[in-house]
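Throughout, a chain's letter reflects where its sequence line sits, starting with A, and its residues are numbered from 1.
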Protein chains: 2
Amino acid sequence: MTQLPSFLDEPDDTRGAIMKATYDALCKHGYSDLTIQRIGNEFPKSKSLLYHHYDSKDDLLLDFLEFMLAELEGQMPAYRDRSADEHIADIIDRTFAFGSTENNPHFTQALLELRTQAAHDEAYREYFTRSDRFVRKHVAHTIQSGIEQGVFQEVDPQETAALFQIVFVGTMTQRVTSDDDDVLRAGRAMFDQCLRARLLRPE
Amino acid sequence: MTQLPSFLDEPDDTRGAIMKATYDALCKHGYSDLTIQRIGNEFPKSKSLLYHHYDSKDDLLLDFLEFMLAELEGQMPAYRDRSADEHIADIIDRTFAFGSTENNPHFTQALLELRTQAAHDEAYREYFTRSDRFVRKHVAHTIQSGIEQGVFQEVDPQETAALFQIVFVGTMTQRVTSDDDDVLRAGRAMFDQCLRARLLRPE
DNA sequence: ATATACTGACTGAATATTCAATCAACTCCC
DNA sequence: GGGAGTTGATTGAATATTCAGTCAGTATAT
């Protein structure tokens, strides 16, 4: 039942099709073995067409990165009418479910492969720095609300969000690069306990 | 003052020299742009010699991975005669210092680049799965001691070690792939607080 | 008929790998 | 002790493959 992310299913426009092809090729071969040829192979149209829509391989991949980050940010759950602790619980759920067998493991893999390029590529690093900030702001804001609502103790929202960020990328990296599936389950259990101990207001 | 890791300084044997050359080339160009030619450029001897010692590029890189993991495991601080909470504090220190500007940022970068290959390379994944287990066992053992010594509350050592693992890879990934240097500082502050709240026995 | 989407064949550069040939050291026999 | 054979380290040049990018031209839709 592990299917293609919906946002890539049956793309109608050419760009969508190219994104899907890139996604498939990236998952199949990994970033370091990702070639225009291989993207072309996953693409219903011809390889040359890619150059009709993009100036270069770099150009294409940068657009793909933008596409992926937009999707990631779009997955951020809306605050809506829940209480802050329910919302935080949801975020934790999603953090640890991110990339699990039921939920697009390949999306996570692709994202990590892109992310690692940031080690050497200035442009990539800027994208991720920006995207991280967006996510952290969202989390910090939720924490802040929780404090105001009186459900959380008085913690520093920025620092808390930063820890969430670290745990998020840690989960992602761990899931994609290790076979040991118990680490995430166990780590989450302890993370829950720790957060409860520090964050939740005793009733 | 950010110098070469000592374990790569002035290698006397050929293998050591190849490892150093590979390390240098990897840091300089990144995994996806790592070529035999470039390794050869960092190598005092000729490029062809690499094939005398290794069957293929893959073969060489796999040996390099083994080399790096051995080094990583060797960096694990010894328990010695300290109390468990001092030792844990040391581990946290090292976790968040890992790859910081003073401490071989390139080593961390290289390690992450290798690690990401595990996403689509079975052999790499096995190596990291094993290495992770080694580190977790060490941490779990320390926690266990702490509980027996009465300095820690009764937590599950496996779960605690798992959280350490996630935070460790998260720190590593974050440091290498983002420009925002405050995340680690802030995340650590909150992690300290959370751990204290859950782990430390109130005096 | 014009522009836009699209294709398959092609190219030069880069890349991994191989090869034929030195060279230095070591062994073994007399 | 010294020559003859063996082995491993080393090299520069050669080979086969892969890759990003181009181009001349075909289809298609307006």
Between C1' of D/dG12 and NZ of B/Lys47, the distance in whole Å: 10 Å
For C/dC6, does either OP1 or OP2 sit under 4.0 Å from a side-chain N or O belonging to A/Thr14? yes
Got a donor-acceptor pair under 3.5 Å from the side chain of A/Ser46 to the base of C/dG8? no
Spacing of B/Leu50 atom CG relative to C/dA16 atom P, expressed in whole Å: 11 Å
Using whole Å, what does the distance between atom C1' of nucleotide D/dC19 and atom NE2 of A/His29 come to? 14 Å
Nearest whole Å is fine: how far is D/dT22 P from A/Ile36 CD1? 11 Å
Using a 4.0 Å heavy-atom cut-off across all strands, classify A/Leu34 as base, sugar-phosphate, or nothing. sugar-phosphate
Salt bridge flag under 4.0 Å for residues B/Asp24 and B/Lys28: no
Tell me which nucleotide among C/dA16, D/dA20, D/dG12 gets nearest to the side chain of B/Ser48. D/dG12
Can you classify the ring geometry of A/Phe98 versus A/Phe107 as parallel (below 30°), tilted (30 to 60°) or perpendicular (above 60°)? perpendicular
Rounded to whole Å, please give me the gap between CD in B/Gln37 and P in C/dT17. 13 Å
What is the distance, rounded to the nearest whole Å, between atom CG of B/Asp13 and atom C1' of D/dG8? 16 Å
Could you tell me whether B/Asp121 and B/Arg125 have a side-chain N and a carboxylate O separated by less than 4.0 Å? no
Mind checking whether B/Phe152 and B/Ile88 have side chains closer than 4.5 Å, heavy atoms only? yes
For A/Leu49, answer base if it contacts any base atom (sugar-phosphate contacts may also be present), sugar-phosphate if it contacts only those atoms, and nothing otherwise; contact means non-hydrogen atoms under 4.0 Å. base
Classify the nucleic acid contact of A/Thr35 as base, sugar-phosphate or nothing, counting any heavy atom under 4.0 Å across all strands shown. sugar-phosphate
Can you see if the side chain of A/His52 gets near the phosphate of C/dC6 - specifically, an N or O under 4.0 Å from OP1 or OP2? no
Starting at NZ of A/Lys45 and ending at C1' of C/dG8, how long is that distance when rounded to a whole Å? 16 Å
Does A/His53 have a side-chain nitrogen or oxygen under 4.0 Å from the phosphate oxygens OP1 or OP2 of C/dC6? yes
salt_bridge(B/Arg136, A/Asp180) N-O dist < 4.0 Å: yes
Whole-Å distance separating the NZ atom of B/Lys57 from the C1' atom of C/dT18: 17 Å
